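The model shown is predicted, which means the values in this text are computed figures rather than measured ones. Hydrogens, waters and symmetry mates play no part in the numbers below; they use all other heavy atoms, side chains included. Below, read A as the first sequence line, B as the second, and so on, with proteins coming before strands; counting in each chain starts at 1.
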2 protein chains.
Amino acid sequence: MPKATFFNLPDEKRERIIDLAVGEFERLPYDKASVNRIVRDSGIAKGSFYQYFEDKLDLYTYVIHLIVEEKLKYLSPLLGNSENEGFFKVIEALFKSGIQFAVEHPRYVNISKIFMADTASPIYAGVVKANLHKSHEIYRQLISQGIERGELRSDLDVDFLAHLMTDMNYSVVDYVKKIRGNILDESLVDFLRGFLSYLEKGIGNPQE
Amino acid sequence: MPKATFFNLPDEKRERIIDLAVGEFERLPYDKASVNRIVRDSGIAKGSFYQYFEDKLDLYTYVIHLIVEEKLKYLSPLLGNSENEGFFKVIEALFKSGIQFAVEHPRYVNISKIFMADTASPIYAGVVKANLHKSHEIYRQLISQGIERGELRSDLDVDFLAHLMTDMNYSVVDYVKKIRGNILDESLVDFLRGFLSYLEKGIGNPQE
DNA sequence: GTACAATGTGACCTGCCAGTCATATCCCCT
DNA sequence: AGGGGATATGACTGGCAGGTCACATTGTAC
C-alpha cells in the first residue's frame with residue numbers, strides 16, 4: 001500500500017500519477033515498466049515517488065488492487081443470488097459483465113492480460129493463482145448445482161469443465177474486444193446467446 | 001540465423017549452448033533472459049557467443065525456429081488428408097497431437113507460453129500473429145467443411161468458433177499438463193472423447 | 001516571525017545488461 | 001617448421017534500471 005503522503009496529495013496530482021502508471025503497465029510487463037519514465041512523464045521528482053510508494057512493487061500492487069476492486073463491483077451483484085437462476089442464465093450474466101468491464105475499462109484489461117501472462121512477476125503466484133482458483137471454484141459450484149438440478153448432463157467432468165469455462169470466459173471477452181469492437185448493444189446479447197447455445201446443445205448437427 | 005561458425009561447432013558444445021538457451025527462455029521472457037547468464041553457465045566466453053550469433057535476438061529467433069520445426073513434425077501428417085475424415089475425428093487428432101507435443105517437449109511449451117504472452121517481444125507481431133492466423137484459418141476451413149457436409153449446425157458463427165477452438169486447444173493442453181500429469185495412455189483418449197462430446201452435443205441435459 | 005514537521009528534489013550509487021574489440025590461441029596445409 | 005585463416009577470450013563501453021540521501025522548500029501552529 002502507498003504511504004500516507006500519497007493519499008494526502010491533491011486529487012489531481014494523485015490521479016495523474018496513477019494514470020501514468022496505468023499507461024506504463026498496460027504497455028509493458030512489470031520488469032520492463034520503468035519508474036524513471038513514470039516519474040519523468042508525470043513531472044514529479046524521483047525522490048517524491050519514493051515518498052509516496054515503498055518501491056516499484058508497491059505501486060504495481062496498488063494498481064492491481066484498484067483493478068480487482070473495480071472488477072468486483074461488476075461481479076458482486078451476480079454472485080449473491082445465483083441459486084435461484086438457471087445455470088445458463090448465470091453464465092450469460094457472468095460473461096456479459098466480463099465484456100462490460102472490458103469495454104468500460106480497456107486499459108485495466110490490458111494490464112490484466114500482461115499481468116496474468118507474466119509468470120516472472122513477483123506477485124504472480126499470490127494474486128493470479130488466487131484469482132484463477134476463485135474463478136475455478138465459482139464455476140465448479142455452478143456446474144455441480146446445474147447437474148443436481150438436472151440442467152446439465154450428469155456425466156460431466158466438473159473439474160475440467162470449470163477449467164475450460166474459465167478460459168472460455170477470457171476467450172469470449174477477447175473475441176468481442178478484437179473483432180466485434182466495443183459495441184454494447186443488443187447484438188451482443190444475441191452473440192452471447194449464440195455462444196450459450198453452442199455450450200448447451202453443442203455444435204454438432206442434431207439431424208445426423 | 002546463427003553464423004556458420006556455430007554450425008561448425010562440435011555437436012556436444014552446440015547442444016549445450018542450445019540447452020542452456022532453452023533453459024533461460026523457458027524461465028524468463030525475452031527481455032529478462034540474459035546472454036551473460038547463458039554464456040556463464042555454458043562455460044563459453046562472451047566473445048565466442050557473438051561469433052556464433054549476430055545478437056541475442058538471433059539466438060531467440062533460432063530457438064523459436066527449432067520449436068516451430070518440431071511442432072510441424074507433429075502437425076504435418078494430420079493436415080494432408082483431413083478431407084476424408086469427419087470433423088470431430090480431425091479435431092480429436094489435432095488436440096491429441098497438441099497434447100503429445102506438450103508431453104514430449106515440455107520445455108518448448110513453456111517457451112511458447114511465455115513467447116505468446118510477451119507482446120513486448122521484438123518478434124511477437126511477426127511470428128505469433130502469423131501462427132495464430134494460420135491456426136485460425138485451419139479451424140475456419142474445418143468448420144466450413146463440417147457445415148457443408150451436414151456434420152455441424154448450419155447456424156454457426158464460423159469466425160467466432162474458429163477463435164474459440166484455437167483457445168480451447170491451448171486450454172485443453174494446459175489442463176492435461178497441469179492436472180492429469182504427463183500420462184499418455186488410453187485414459188487420455190477417453191478424456192478427449194469426453195471433451196469432444198461436450199463440443200458436439202453440448203453440456204446441457206437433453207432430457208430437459 | 002519563528003520553530004518544526006511534512007513534503008519536494010535531482011544528483012548520485014550500485015548493479016545488470018547487450019554488445020565490442022584487441023589480443024591470444026588453435027589447427028591445418030604446405 | 002611456419003604461415004595464415006578460423007576460433008577463443010574477457011576486460012571494457014555506454015546505457016538504463018531501481019533505489020538513496022543530503023539538502024531545499026513549503027505549510028502550520030504559536
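- Where Tyr50(A) and Tyr52(B) meet DNA chain D, the nucleotide closest to each residue was compared, and Tyr52(B) sits on the side nearer the 5' end.
- Looking at Lys46(B), its side chain comes within 3.5 Å of the base of dG19(C) through a donor and an acceptor atom.
- Residue contacts for Ala33(B): at a heavy-atom cut-off of 4.0 Å it reaches the sugar-phosphate backbone alone, with no base atom in range.
- Remark: P of dC21(C) and CD of Gln51(B) are 13 Å apart, rounded to the nearest angstrom.
- Lys13(A) comes within contact range of the sugar-phosphate backbone alone, with a heavy-atom separation under 4.0 Å but no base atom that close.
- Spacing between atom CG of Asp55(B) and atom C1' of dC17(C) amounts to 14 Å, rounded to whole angstrom units.
- The nearest whole Å value for the distance from the CZ atom in Arg14(B) to the C1' atom in dA8(D) is 18 Å.
- Here Phe115(B) and Tyr30(B) keep their ring centres 6.0 angstrom or further from each other.
- Taking the six-membered ring wherever Trp is involved, the centroid distance between the rings of His105(A) and Tyr74(A) falls below 6.0 Å.
- Distance, Ile17(B) CD1 to dA8(D) C1': 12 Å, rounded to whole Å.
- Across all strands, Asp31(A) comes closer than 4.0 Å to no nucleic acid atom at all (heavy-atom distances).
- Side-chain nitrogen and oxygen atoms of Ser34(A) include at least one within less than 4.0 Å of the OP1 or OP2 phosphate oxygen of dG18(D).
- By the 4.0 Å N-to-carboxylate-O rule, Lys89(B) lies close enough to Glu92(B) to be salt-bridged with it.
- Listed for the Arg140(B) side chain is no donor-acceptor partner under 3.5 Å among the backbone atoms of Ala162(B).
- Atom CG in Asn36(B) sits about 13 Å away from atom C1' in dA11(D), given to the nearest Å.
- Residue Arg37(A) places its side chain closer to dA17(D) than to any other of dG10(D), dA17(D), dT9(C).
- Phe49(B) has its CZ atom 14 Å from the C1' atom of dT20(C), to the nearest Å.
- The NZ-P distance, from Lys32(B) to dA17(D), rounds to 14 Å in whole Å.
- For Ser48(B), a side-chain nitrogen or oxygen approaches OP1 or OP2 of dT9(D) to under 4.0 Å.
- Residue Val35(A) has its side chain nearest to dG18(D) when only dG10(D), dG8(C), dG18(D) are considered.
- For Phe191(A) and Phe195(A), the ring centers sit 6.0 Å or farther from each other.
- In this structure, the CD atom of Glu24(A) is 9 Å from the P atom of dA17(D), given to the nearest Å.
- Residue contacts shown for Thr5(B) are limited to sugar-phosphate atoms, with no base heavy atom under 4.0 Å away.
- Within the structure, every side-chain polar atom (N or O) of Asn8(A) is placed at least 4.0 Å from both OP1 and OP2 of dA6(C).
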